Amino acid sequence: MDKRIAVIEKDKCNPTGCGGYLCIRVSPGNRMGKEVFVIGPDGKAKVNEEVCTDAESVTVKKCPFGAIHMVNLPERLVEKPVHRFGSDGFILYSLPSPSFGCVTGILGVNGIGKSTAVKVLSRLIEPNLGSDGGFEGLLDYFRGSSAQLFFERLVKGQIRVSYKPQAVDIIPKQFSGSVRNLLERADERHALKDVCHALEISEILDNDIASLSGGELQRVAIAAASLKNASVYFFDEPTSFLDISQRIKASRFIRSLVNDDTAVMVVEHDLVILDYIADFVCVMYGEAGAYGIVSQSKPARNAVNSYLSGYLKEENMRFRNYEIKFSERAHESVLNRNPVVSWDGVVKRLGSFTLSAPSGSIPKGRVIGILGPNGIGKTTFVRMLAGVDAPDSGSISGNVKVAYKPQYLSFASDALVESYLKVDEVLSHRLNLAPLMKKKLNELSGGELQRVAIAHCLSRDADLYLLDEPSAYLDVEQRLVISKFLRERMESSGKTALVVEHDLVFIDYLSDGLIVFDGVPARSGVVSSTFSMEDGMNRFLGMLNITLRRDADSLRPRINKPDSRLDREQKDAGKLYYR
Ligand code: ADP
Ligand code: SF4
């Protein structure tokens, strides 16, 4: 028997925006005198699940913000929820279970309940088991499972949990003072010096929190969480704003926290990093905003491949009706296309930083990835291409108009998205912008803000679109949708996109060619010309001293274990980017 669940996503519900409780006005049930949709105490729509019938699928479609969900679930699945927000809110079924001595990853789309699950495990949310089971109720729930011991200890207060939240940008709003002040307060393990050394933040200890870049804040937040004396460490998206070498170092550091008495859990959308950091992964699936189910924990490689395939074998569950595929696409040579802009002998000094760009050009109608560490002069270079800054010497030819999406995003304005964003139908549809239009700019979540900023950049009239880390806060599926869209748009419009990215899966999927920045961050940067994917990756991976292989089943890129047979073979053959 199926059971119907009905959910209103309160974040999305906008009763004024829909012209005044459209659902109440159009619901077939309401029209027959039943109270299917009513006005809730918070002024948003409320749905009464018990009287909701299949006929309401009309109402679901009518809501302009996609705030109403109605799903039929097999009874066996819905017997025991772990937590439900209110009587018509999101439902979380089951929980990922941490294992001592291991790093367990959590993988799933945004809004599927990952943060909710992590908060329940951190005891920040008291699970109500759909009704009023309380925290002790969890014990019955997990009795007889491998997670029983963990939950027994958790309920008895024998497990201390330390948590790095997803949004590091809000730290400066909650804390003022120096990095040292913040970390000394957190330092229960008396390990400040070692942790700062491992995360390369020793030099910024006396800086004010308010002055840190996103990448610095991320590492400070990782340090703060790991300095606590805990038995379980949670990291919610620990690599946003970090460049690739920082991601790898942060991953090694996070792995080093594991021992027989500690467990680490990580939510991560960068699949190369998730694969690198996690021993086991739990996949979360369901319907974003409505309900989330957690799979058994599986070895990381299998879990990521199952996730991409949309089918969980052990659970016999198809949760997506298409497969996410990578291909060994032959990258067409981009080097012989007409350039949109070219440069020669460019040098620019900014304080003690020098950028040089010997000679090169960028081809039209393509997406070019930019690889390089933070602080190496990527923005400086593009500002020169855009004519905003002039080089000290050398020349740039091609008079290009540039539209730019910065790495860090924030809006102080409480204006509505629709007053800021004028986009065409296709863009709106592909980036799923309609549900965001009536929201206020300063109330968007990280992922929503990212989509709005990308759309804003692409809606402008320009020859060259520069997107700095468009993947931050987007989930795997959104990343792939955006890369596909970008490629199509550049190809059809004959325009060019430059994309600064640190997620290797994304860059592999997205780019037709690569520009690689080399040098020493904050001192000197050297810009390459546009390379083919293979040459660019070889050069870049050589700088990082890593090699990549394609997974035999999903064809996604994976980092080879240092000094493994493949790693050595590929280095010997000079083929760091696949064999
Ligand atoms: P994820 O971490 O996978 O992106 P979340 O756990 O943040 O997902 O959210 C899952 C769903 O639960 C979302 O639809 C969100 O709006 C809803 N939700 C989260 N917190 C609350 C809350 N305090 N009250 C009501 N709904 C909430
Ligand atoms: Fe309007 Fe949709 Fe909210 Fe109903 S659920 S009040 S239709 S925004």
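One-based numbering, in listed order, for ligands and for the atoms of each. On a predicted model such as this, the values are computed, not experimentally measured, just so you know. Basis for what follows: all heavy atoms, side chains included, without hydrogens, waters or symmetry-related copies. Residues take their numbers from the sequence shown, with the count starting at 1.
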Qualifying residue, where the test is side chain to side chain contact (heavy atoms under 4.5 Å, CB included) with V51 and the options are N48, V47, T53: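 Of all the options given, the one that passes is N48.
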
What is the nearest protein non-hydrogen atom to [atom], stated with its residue, atom name and distance?
atom	result
atom 7 (S) of ligand 2	C23 N, 3.4 Å
atom 3 (Fe) of ligand 2	C13 SG, 2.4 Å
atom 5 (S) of ligand 2	I68 CG1, 3.7 Å
atom 8 (S) of ligand 2	N14 N, 3.2 Å

Contact atoms of ligand 2, heavy-atom distance to F65 under 4.0 Å: 8 (S)

Where ligand 2 meets Y21 - atom numbers and elements under 4.0 angstrom, heavy-atom basis: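 Within the 4.0 Å cut-off of Y21, ligand 2 contributes 6 (S).
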
May I ask you to say whether [X] pairs ionically with [Y], meaning some side-chain N is under 4.0 Å from a carboxylate O?
X	Y	value
K10	D88	yes
E477	R320	yes
D508	R556	no

Metal proximity, C63 vs atom 4 (Fe) of ligand 2, N/O/S cut-off 2.8 Å: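 Under 2.8 Å: C63 has no N, O or S contact with atom 4 (Fe) of ligand 2.
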
Ligand 2 contact on T59 by region, counting heavy-atom pairs under 4.0 Å: neither

Shortest non-hydrogen separation from I222 to P238 and the atoms involved: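 Here I222 and P238 meet closest at CD1-O, 3.4 Å.
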
Heavy atoms of other groups near E425 CD, more than 12 under 6.0 Å: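 12 or below, so no.
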
N, O or S of C18 under 2.8 Å from atom 3 (Fe) of ligand 2: no

Pair Y285 + Y291: ring centers closer than 6.0 Å: no

